[in-house]
Asker: 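For reference, the structure I am asking about is given below.
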Amino acid sequence: MTYETIQVQKITGGCGAEVLGIDLNVMSNRQWDEVQRAFVEHGVIFFRDQKLTPEQHIEFARRWAPIDVNRFFKAAPGYPEIAEVRKEPEQKTNIGGGWHTDHSYDQEPAMGSILLAREVPEEGGDTLFANMYRAFETLSPGLQRTLEGMRAVHGSAHIFGKGGVNDKNPEGASRYENHDKVGADVVHPVVIKHPLSGRKALYVNRAFTLRFDGWTAEDSKPLLDHLYQHAARPEFTCRFRWREGSIAFWDNRATWHYAANDYQGERRLMHRITVAGCALQAATA
Ligand code: SIN
């Protein structure tokens, strides 16, 4: 794909691209069109050295879709639309430290998440991304056909609910709230037809997928584990090194992400806005 008003450089062969030559505060209409194309083409796009106030971050997010406020994350002071992704020097655990995709526990999962680095550690704190198109395309044809006919149950109670991982974590109280707002489990196709690209993507993730629909958790586990291992192959991933003012905008229907927790004793503060998506259709629908 060619771009005329921005430069788009792939990060790895597997996933993600950096968008250069743009100031998100003063985008032309043609640049905006091309940024949208780059997002659909690469699944996650990165920008450097952006000087966005919280208001400008919100304005940029609203260009994509209405904001889908995460009900569990504590907000940045004064900005209910912005979720704080914070780790203090004395904290040991981080947010997002395992492969996942945001909001798959919702009936209409968020389309994307726009993460802006406010304060980064000297070293470490990278975020990894994995390409769920490649994950699906590289499975054997027989398994692809089987998965295309399946659906999976997703939920958030074990992570965000009362007695869940975050409620039990003593560091969780400063980060999460609304443990009673988990809602009912939801069912999505295991292989979706991506709403923007029309491509087939694998749509299960280790954090929020509970089991295949009509299967027990025990029966589901071996196949889910196989898919998780396959989808995280290094060939499908990229790793982003943050600087203050860097932005990652990822598509939750086309990628997974993983926040590396390798910067003990330092602060990392990010602002995240999730933008609304839609109900997901099966690839075969
Ligand atoms: C997240 O999982 O949304 C946070 C990712 C990060 O902090 O790098």
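Just so you know, ligand 1 is whichever comes first in the structure, and atom 1 is the first atom listed for that ligand. Count residues from 1 along the sequence. Worth knowing before you read on, the calculation uses all heavy atoms, side chains too, and leaves out hydrogens, waters and symmetry mates. These numbers come from a predicted model, not from an experiment.
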Asker: Tell me: protein heavy atom nearest atom 7 (O) of ligand 1, and distance?
Answerer: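 The answer is Arg268 NH1, 2.8 Å.
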Asker: Measure from the ring center of Tyr228 to the ring center of His230 and say whether it is less than 6.0 Å.
Answerer: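 No, ring centres 6.0 Å or more apart.
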Asker: For ligand 1, which atoms have a heavy atom of Thr127 less than 4.0 angstrom away?
Answerer: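 Those atoms are 6 (C), 8 (O).
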Asker: For this output row, return yes or no: ring centroids of Phe249 and Trp64 closer than 6.0 angstrom.
Answerer: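 Ring-ring flag for Phe249/Trp64: true, centres closer than 6.0 Å.
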Asker: Should the proximity of Leu115 to ligand 1, defined as any heavy atom under 4.0 Å, be assigned to the side chain, the backbone, both, or neither?
Answerer: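 The part of Leu115 near ligand 1 is the side chain, not the backbone.
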Asker: Any idea which atoms of ligand 1 are less than 4.0 Å away from a heavy-atom of Gly96?
Answerer: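 In order of numbering, the contacting atoms are 2 (O).
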Asker: Are His257 and His100 linked by a side-chain donor-acceptor pair shorter than 3.5 Å?
Answerer: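 Yes, His100 and His257 have a side-chain donor paired with an acceptor closer than 3.5 Å.
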Asker: Which ligand 1 atoms does Ala259 reach within 4.0 Å, using its non-hydrogen atoms?
Answerer: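 Near Ala259, meaning under 4.0 Å from one of its heavy atoms, ligand 1 has 5 (C), 6 (C), 7 (O), 8 (O).
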Asker: Looking only at protein heavy atoms, which one is nearest to atom 3 (O) of ligand 1, and what is the separation?
Answerer: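 Closest protein heavy atom to atom 3 (O) of ligand 1: Arg272 NH1, 2.7 Å.
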Asker: Between Glu171 and Lys92, is the closest basic N to carboxylate O distance under 4.0 Å?
Answerer: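 Here Lys92 does not pair with Glu171 in a salt bridge, since their nearest N and O are not under 4.0 Å apart.
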Asker: Among protein heavy atoms, which sits nearest to atom 1 (C) of ligand 1, and what does the distance come to when rounded to 0.1 Å?
Answerer: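 Result for atom 1 (C) of ligand 1: His257 NE2, 3.5 Å.
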Asker: Would you tell me whether Tyr263 and Glu122 have side-chain atoms, one donor and one acceptor, within less than 3.5 Å of each other?
Answerer: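 There is no such pair (donor and acceptor under 3.5 Å, judged by atom type) between the side chains of Tyr263 and Glu122.
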Asker: Take atom CZ in Arg145; do more than 12 heavy atoms of anything else shown fall under 6.0 Å from it?
Answerer: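 No.
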Asker: Classify the side-chain pair Tyr258/Thr237 by whether it contains a donor and acceptor separated by less than 3.5 Å.
Answerer: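 Note: Tyr258 and Thr237 side chains miss the donor-acceptor criterion.
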Asker: I want to confirm something. Looking only at heavy atoms, which of Leu269, Asn70, Val85 is nearest to atom 4 (C) of ligand 1?
Answerer: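 Comparing heavy atoms across Leu269, Asn70, Val85, the nearest one to atom 4 (C) of ligand 1 lies in Val85.
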Asker: For ligand 1, is Phe73 a contact, meaning one of its heavy atoms is under 4.0 Å away?
Answerer: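 Outside the 4.0 Å threshold, so no.
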Asker: Classify the contact between Trp250 and ligand 1 as side chain, backbone, both or neither, using a heavy-atom distance cut-off of under 4.0 Å.
Answerer: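 Side chain only.
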